[in-house]
There are 2 protein chains.
Amino acid sequence: MRYIQRAEYGVRPTTHIDEDDPLFVQAIARALQVLSVFHESGKPLTLNEIGAAAGVGKSAAQRVVHTLRQLGYIERDANDRGYVPGIRILDHARDYLRLNPLVARASPVLMELRRNARERVDLSLRDDLRLIYAARLQSKRETFFATLIGQSVPIYCTSGGRAIMAHMGDAEVDDIIARSDRREITPKTITDPDQIRAKVREAREHGYALALEEILQGEIAIAAAILAADGTPLGAIHIAGSLSEWDADTFCRRFAPLVGEAAGAINRF
Amino acid sequence: MRYIQRAEYGVRPTTHIDEDDPLFVQAIARALQVLSVFHESGKPLTLNEIGAAAGVGKSAAQRVVHTLRQLGYIERDANDRGYVPGIRILDHARDYLRLNPLVARASPVLMELRRNARERVDLSLRDDLRLIYAARLQSKRETFFATLIGQSVPIYCTSGGRAIMAHMGDAEVDDIIARSDRREITPKTITDPDQIRAKVREAREHGYALALEEILQGEIAIAAAILAADGTPLGAIHIAGSLSEWDADTFCRRFAPLVGEAAGAINRF
DNA sequence: CGTGCCGTATCGCTGTACGATACAATCGTA
DNA sequence: TACGATTGTATCGTACAGCGATACGGCACG
């Protein structure tokens, strides 16, 4: 059996355990800490591995896993070789998407956009330094795992991220750049602060942002931001295509109006 | 702002709180109980509503919500009118899908199937009395909300469910029928035990199962089961189309071979 | 056939989480 | 603009839930 191992670029926020907040229930934190261990793992985990990775003792891991298992949030692996996340998690994912007003507003627009563009169309939501994909309408080309809901990418080096930063003040942009763990995900990833700022300025002028192979070799993506009523950027719409079928200029000329229009439609309700 | 209200047919298992298991951490159970409150709700909830619905006091709700909020599993609604599930949930959903070997095996086959069938293609996984959609490749027609990952449907009245029951013994089928809350979701939903059993026998003979408008008006679905190495049915592959474009016979003749082939490909690795 | 490491079970002590209650801020109605 | 209902927030002493060290049996590996 094969397990998908694709890394997540370490952009996930490390849940910093809160000191002595009298309302903070650490048993809950431990439970979610344990569940989060799977973020870093590409395979089923044993009790000891879970305990070690979560930074809790073996006994704690035992209790937590036992409890989560009763409730369906953790399962034994099919061949009894460790634990994996449980199916009940999907129930909550559905709740999240269903109750997120942005997703609700965006989804008909996305469908329409997908029909017109005939390329992959994504909706991503901002979570501090990263973007999390909340809706994905794939083209014929991709594999399912390349387009998982819940996948996350850094803000600093993505089209969507730059579209978002374009709607922020310089100070906030600098803060994001500074706090981001900027690594070269591909050889083309832009990690230099000044270059990033230049890209953001470019996005401000054009009203959309572009990224070329910064996350995935051969992929070109264009994005426009989605804004709250007060102008705060909350997420982005993306169109992604393959450089084997498009050159950057043509791609841009063709899809910039579409993605801009779609974002506009969402922003003014 | 509109919130999606579509009911879930009450098939979700009620987490029965375990009596006095010495390893059971009830603080964790309470937390997930609180999160699960959103399953039944179509709108943001206040602290009091959460406390009431989860069957815990207001103080408990306060602590739990506070904690989950710190960790990103609950958020304030955009217009400050209550709480909604938080985005961190999506991280876990991704983990689940990524680590589920069935999803991994099925996904390339599903993509291929979607290309050939040009109708909606789904993968669902069994959870006791219900099927939960784990992968959905929509056609042009649907809205995004009609095809959410995590949506669940009952086994007793769906094509996928009957495809699964076809691979069970009669006793187990009867048990499922007995324990299911059989309600008419549409006027066409089959709820009579004998008729269900007949449909299951039919599925056994054909190797695939059919359902006509039992969940959604105007929808026809065909499904084949996915099996573990020992023959236990774990889930199903579906193809779903619209009766405005297909009559049942044609649909069946066209897609039965495709869905059977796909399921076969998955079953023998 | 032994030796790891797996998951499971046990058991007193301590400190965590409990829930009643009181407070503050906000909304919406008149 | 003032009111009353409902929201989220803060406090506090006590009981018991969860802590973690440790010990057990079993399965899979060499």
Side-chain angles (χ1 to χ4, degrees), chain A residues 1 15 17-35 37-38 41 43-86 99 229-230, chain B residues 1 15 17-35 37-38 41 43-86 229:
Chain A
M1 182 70 335
T15 304
I17 316 98
D18 259 46
E19 55 310 338
D20 33 33
D21 177 340
L23 287 177
F24 193 83
V25 182
Q26 48 170 285
I28 298 176
R30 236 196 313 264
L32 296 168
Q33 185 80 232
V34 161
L35 262 189
V37 160
F38 291 104
S41 162
K43 63 178 219 315
L45 297 175
T46 71
L47 257 190
N48 294 308
E49 289 172 325
I50 292 175
V56 308
K58 179 183 172 175
S59 291
Q62 179 191 8
R63 271 192 305 274
V64 172
V65 167
H66 174 83
T67 307
L68 290 175
R69 207 142 88 91
Q70 299 279 329
L71 301 173
Y73 294 92
I74 281 187
E75 297 168 4
R76 215 91 236 297
D77 175 62
N79 357 306
D80 245 43
R81 298 219 154 281
Y83 298 101
V84 292
L99 290 171
D230 66 356
Chain B
M1 179 71 336
T15 304
I17 314 101
D18 259 45
E19 56 309 339
D20 33 32
D21 177 340
L23 287 176
F24 192 83
V25 182
Q26 47 170 286
I28 298 175
R30 237 196 314 263
L32 296 168
Q33 184 80 234
V34 162
L35 262 189
V37 161
F38 292 104
S41 162
K43 62 177 219 314
L45 297 175
T46 71
L47 256 189
N48 295 308
E49 289 172 326
I50 291 175
V56 308
K58 179 182 172 175
S59 290
Q62 179 190 9
R63 271 192 304 274
V64 172
V65 167
H66 174 83
T67 307
L68 290 175
R69 206 141 89 91
Q70 299 280 327
L71 301 173
Y73 295 92
I74 281 187
E75 296 169 5
R76 213 94 238 293
D77 175 62
N79 355 307
D80 246 43
R81 298 219 156 281
Y83 298 100
V84 291

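In what follows, chains are A, B, ... by sequence order, proteins preceding strands, each numbered from 1.
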*Identify which nucleotide among C/dG7, D/dG8, D/dG20 has an atom closest to any side-chain atom of A/Arg63, counting heavy atoms from C-beta outward.*
D/dG20

*Nucleotide nearest B/Thr46 when distance is taken to its side chain, options D/dT7, D/dG18, C/dT8*: D/dT7

_Rounded at 0.5 Å granularity, tell me how far CD in B/Gln70 sits from CD1 in A/Ile28._
11.5 Å

*Considering only D/dG20, C/dG7, D/dA10, which nucleotide approaches the side chain of A/Tyr83 most closely?*
C/dG7

_Distance check needed: D/dG8 C1' versus B/Asp77 CG, whole Å only._
15 Å

*Can you tell me how far C1' of C/dG7 sits from CD of A/Glu49, to the nearest Å?*
13 Å

*Assign each of A/Leu45 and A/Val25 to its nearest nucleotide of DNA chain C by heavy atoms, then name whichever residue's nucleotide is nearer the 5' end.*
A/Leu45

_Closest nucleotide among C/dC6, C/dT21, C/dG28 to the B/Arg81 side chain_ = C/dG28

*State whether B/Phe24 and A/Arg63 meet the cation-pi test: NZ (Lys) or CZ (Arg) under 6.0 Å from the six-membered ring centroid, and within 45° of the perpendicular axis.*
no

_Selected nucleotide, minimal atom distance to B/Ala60 side chain, candidates D/dT9, C/dG19, C/dC6_ = C/dG19

*Going through the checks in order, is the side-chain contact (heavy atoms from CB on, under 4.5 Å) test met by A/Tyr83 and A/Arg76?*
CA-CA 5 Å; A/Tyr83 298 101; A/Arg76 215 91 236 297; 3.2 Å; yes

*In whole angstrom, what separates B/Lys58's NZ from C/dA24's C1'?*
11 Å

*Under 4.0 Å between a side-chain N/O of B/Asn48 and OP1 or OP2 of D/dT6, yes or no?*
no

*Let me know, please, whether A/Leu23 or A/Gly57 comes out on the 5' side of the other along DNA chain D by nearest nucleotide.*
A/Leu23

*From A/Leu68 atom CG to B/Leu32 atom CG, the distance as rounded to the nearest 0.5 Å*: 6.5 Å

*Candidate nucleotides D/dT9, D/dT7, C/dA17, ranked by approach to the side chain of A/Gln26 - the nearest*: C/dA17

_Shortest non-hydrogen contact from B/Ala61 toward B/Ile50_ = CB-CG2, 4.5 Å

*In whole angstrom, give the distance that lies between atom NE2 of A/His66 and atom C1' of C/dA9.*
11 Å

*Starting at CD of B/Gln62 and ending at C1' of D/dA10, how long is that distance when rounded to a whole Å?*
7 Å

*asked:* Rounding to an integer number of Å, can you tell me how far B/Asn79 CG sits from C/dG28 C1'?
replied: 16 Å

_Could you tell me how far apart B/Leu68 (CG) and D/dG8 (P) are, to the nearest whole angstrom?_
15 Å

_Between C/dG4 (P) and A/Leu47 (CG): distance, integer Å_ = 21 Å

